[in-house]
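Here the structure is laid out as structure tokens; the discussion comes afterwards.
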Amino acid sequence: MNYWLFKSEAEVWSWDQQVAKGDEGEEWDGVRNYQARNNMRQMKIGDRGFFYHSRAEKEVVGIVEIIAEAHPDSTIDDTRWECVDIKAIRPFQTPVSLAMCKQDERLKEMVLVNNTRLSVQPVSEAEWKIVCDLGNTDPS
DNA sequence: GCCAACGTTGGC
DNA sequence: GCCAACGTTGGC
């Protein structure tokens, strides 16, 4: 299984909205960046991801699961752009802030810390466990 | 609200 | 194919 991280501004698409979608989940649409899209193309059903609120909160707030692999983005008439579908699995007991990640020596290689502009990123298994641990949250 | 970093566009 | 100009993201 692979691990990922999805960024969203809470004003645009929040964790609460994702949770409200339940098991049906929702398209992760609107990505207009090739690196982010390429990451989504590598996702498999059952992969897990962090849900991160950028800009205002800057913290990991929940865990999601990939429920549909890359398909054309329904919000644009341009075949270049694809997206996956995700559903909420569980919220973080304690949100893990960007500042916490930056302070943790073990996370200094994390894409979140080093490439702030990438909106869909890979997370290593070790990083996954560390962040879940920091958030007192079940990593499974 | 500002601005640095980055990605994309388009003229040449 | 290069690179300047521009637009957007996201941390601070």
Side-chain angles (χ1 to χ4, degrees):
Chain A
M1 182 192 309
N2 287 307
Y3 300 96
W4 311 93
L5 183 145
F6 296 89
K7 275 189 196 175
S8 181
E9 290 192 50
E11 292 76 15
V12 178
W13 181 255
S14 71
W15 171 249
D16 286 345
Q17 286 173 286
Q18 185 69 52
V19 169
K21 284 284 174 179
D23 287 342
E24 284 186 25
E26 179 74 1
E27 274 193 350
W28 195 259
D29 56 36
V31 170
R32 303 289 180 262
N33 171 284
Y34 290 106
Q35 250 186 299
R37 184 207 62 189
N38 291 343
N39 286 332
M40 288 200 290
R41 281 182 172 174
Q42 290 176 37
M43 294 179 188
K44 300 284 186 218
I45 289 173
D47 280 0
R48 295 295 172 101
F50 289 136
F51 193 108
Y52 175 85
H53 279 159
S54 61
R55 287 278 285 175
E57 294 86 356
K58 295 191 293 293
E59 57 191 21
V60 176
V61 292
I63 292 177
V64 297
E65 181 176 316
I66 312 306
I67 56 170
E69 291 173 15
H71 57 83
D73 185 331
S74 69
T75 64
I76 190 173
D77 184 22
D78 185 332
T79 54
R80 287 180 302 167
W81 303 119
E82 299 177 4
C83 54
V84 296
D85 293 2
I86 61 175
K87 70 171 182 181
I89 296 293
R90 74 176 68 88
F92 263 58
Q93 293 287 323
T94 312
V96 175
S97 69
L98 179 64
M100 287 166 70
C101 292
K102 283 191 166 176
Q103 276 168 25
D104 198 305
E105 268 293 300
R106 297 169 298 171
L107 297 176
K108 66 173 191 284
E109 302 286 316
M110 205 176 171
V111 181
L112 183 66
V113 173
N114 294 303
N115 187 352
T116 57
R117 309 251 332 208
L118 187 58
S119 61
V120 179
Q121 3 179 305
V123 174
S124 74
E125 189 174 357
E127 288 161 356
W128 182 269
K129 287 178 177 161
I130 293 163
V131 173
C132 287
D133 192 46
L134 291 173
N136 300 308
T137 297
D138 178 4
S140 66

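Labels below follow one simple rule: chain letters A, B, ... track the order of the sequence lines, proteins then strands, and each chain is numbered from 1. For clarity, every value in this text was computed on a predicted model and none was experimentally measured.
- Using a distance-only test at 3.5 Å, with no hydrogens or angles considered, no donor-acceptor pair links the side chain of A:E24 to the main chain of A:K21.
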List every contact pair, protein side and nucleotides 1-4 of chain C side both N or O, where the distance is under 3.5 Å.
none

Show the distances under 3.5 angstrom between N or O atoms of the protein and N or O atoms of nucleotides 6-8 of chain B.
residue	atom	partner	partner atom	Å
B:dC6	O2	A:R117	NH1	3.4
B:dC6	O2	A:R117	NH2	3.4
B:dG7	OP1	A:Q35	OE1	3.3

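- With rounding to whole Å, A:E59 atom CD is found 16 Å from C:dG10 atom P.
- Distance A:H53 NE2 to C:dT9 C1': 16 Å, rounded to the nearest Å.
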Can I get a per-line list of side-chain donor-acceptor pairs under 3.5 Å for residues 86-99 of chain A, giving both atom names and the distance, sequence neighbours left out?
residue	atom	partner	partner atom	Å
A:R90	NH1	A:D138	O	2.7
A:R90	NH1	A:S140	O	3.0
A:R90	NH2	A:S140	O	3.4
A:T94	OG1	A:N136	ND2	3.2
A:S97	OG	A:M100	N	3.1

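- Rounded to an integer number of Å, the gap from A:E9 CD to C:dG10 C1' is 7 Å.
- Across the interface with DNA chain B, nearest-nucleotide mapping of A:T116 and A:R55 shows A:R55 to be the residue nearer the 5′ end.
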Per-pair distances, 0.1 Å, donor-acceptor, side chain in residues 51-65 of chain A, under 3.5 Å, sequence neighbours excluded:
residue	atom	partner	partner atom	Å
A:H53	NE2	A:W15	N	3.0
A:K58	NZ	A:R55	O	3.3
A:E65	OE1	A:R48	NE	3.3
A:E65	OE1	A:R48	NH2	3.2

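- Not a single side-chain hydrogen bond (donor to acceptor under 3.5 Å, both in side chains) links A:Q121 to another residue, sequence neighbours left out.
- Sorted by first and then second residue, the side-chain hydrogen bond (donor to acceptor under 3.5 Å, both in side chains) pairs with a member in residues 2-11 of chain A read A:W4-A:D47; sequence neighbours excluded.
- A continuous path of hydrophobic side-chain contacts links A:W13 to A:F6 [ILVMFWY only; heavy atoms under 4.5 Å].
- Heavy atoms of other residues, nucleotides or ligands lying less than 6.0 angstrom from CG of A:D23 number 12 at most.
- Look at NZ on A:K7: it is 7 Å from C1' on C:dG10, rounded to the nearest Å.
- Using a 4.0 Å cut-off, no side-chain N or O of A:K58 falls inside it from OP1 or OP2 of C:dT9.
- Under a hydrophobic clustering in which Ile, Leu, Val, Met, Phe, Trp and Tyr are joined whenever their side-chain heavy atoms come within less than 4.5 Å, directly or via other members, A:I66 and A:V31 fall into the same cluster.
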